[in-house]
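Because the structure is predicted, anything quoted here is derived from the model rather than measured. Hydrogens, waters and symmetry mates play no part in the numbers below; they use all other heavy atoms, side chains included.
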Amino acid sequence: MPSTNVEFVTELMEFSAHGALIQAFVMQALEQYARRVAETDPQALDTPMVSGQAWHGCALEVLRKLKQRFET
């Protein structure tokens with residue numbers, strides 16, 4: 001059975017040939033993608049499967065949580 005997304009990300013973050021550096025890479029990738037989505041008009045993000053408003057909201061949530069994590 002394939003792993004869940006949570007299991008996949010956990011495996012990636014905990015078992016990398018590059019050690020803990022992978023964690024910085026993944027966190028930076030999250031921040032960069034979330035910033036790009038947050039800067040986009042939510043209507044432009046609409047797809048048949050996902051509301052652009054919801055996708056935009058996810059980006060804002062990720063950015064807010066990253067800010068809380070790293071600005072304390």
Side-chain angles (χ1 to χ4, degrees):
M1 179 182 291
S3 62
T4 66
N5 289 339
V6 171
E7 291 168 335
F8 175 79
V9 172
T10 299
E11 171 101 5
L12 182 65
M13 295 283 278
E14 292 182 352
F15 305 102
S16 169
H18 301 283
L21 183 59
I22 193 74
Q23 293 181 13
F25 183 93
V26 170
M27 297 302 284
Q28 185 175 8
L30 269 173
E31 191 270 336
Q32 286 181 8
Y33 182 69
R35 193 165 304 284
R36 281 191 9 225
V37 171
E39 292 170 353
T40 303
D41 175 23
Q43 288 185 330
L45 299 167
D46 277 334
T47 71
M49 291 183 61
V50 178
S51 154
Q53 191 67 39
W55 200 249
H56 188 263
C58 288
L60 295 176
E61 180 179 350
V62 167
L63 289 172
R64 179 178 46 78
K65 289 181 176 182
L66 285 171
K67 182 178 180 181
Q68 288 172 345
R69 178 168 181 82
F70 293 112
E71 285 192 358
T72 57

| request: Quick one: which residue pairs count as a side chain to side chain donor-acceptor pair (under 3.5 Å) with a foot in residues 12-32, not counting sequence neighbours? | output: Glu31-Arg35
| Nearest-0.5 Å distance that lies between atom CG in Leu66 and atom CG in Leu30 | 6.0 Å
| Counting only heavy atoms not in Glu7, do more than 12 fall under 6.0 Å of its CD? | yes
| About how many Å separate OG1 of Thr4 and CD of Glu11, when rounded to the nearest 0.5 Å? | 11.0 Å
List, one per line, each side-chain donor-acceptor pair under 3.5 Å for residues 51-63, sequence neighbours excluded.
from	atom 1	to	atom 2	distance (Å)
Ser51	OG	Gln53	N	3.2
Ser51	OG	Ala54	N	3.2
Trp55	NE1	Tyr33	OH	3.2
His56	NE2	Ala38	O	2.9
Glu61	OE2	Lys65	NZ	2.8

| side chain to side chain contact (heavy atoms under 4.5 Å, CB included) involving Ala44 - partner list, sequence neighbours excluded | Thr40, Asp41
| task | Working to the nearest 0.5 Å, report the span between CZ of Arg36 and CG of Leu45. | result | 10.5 Å
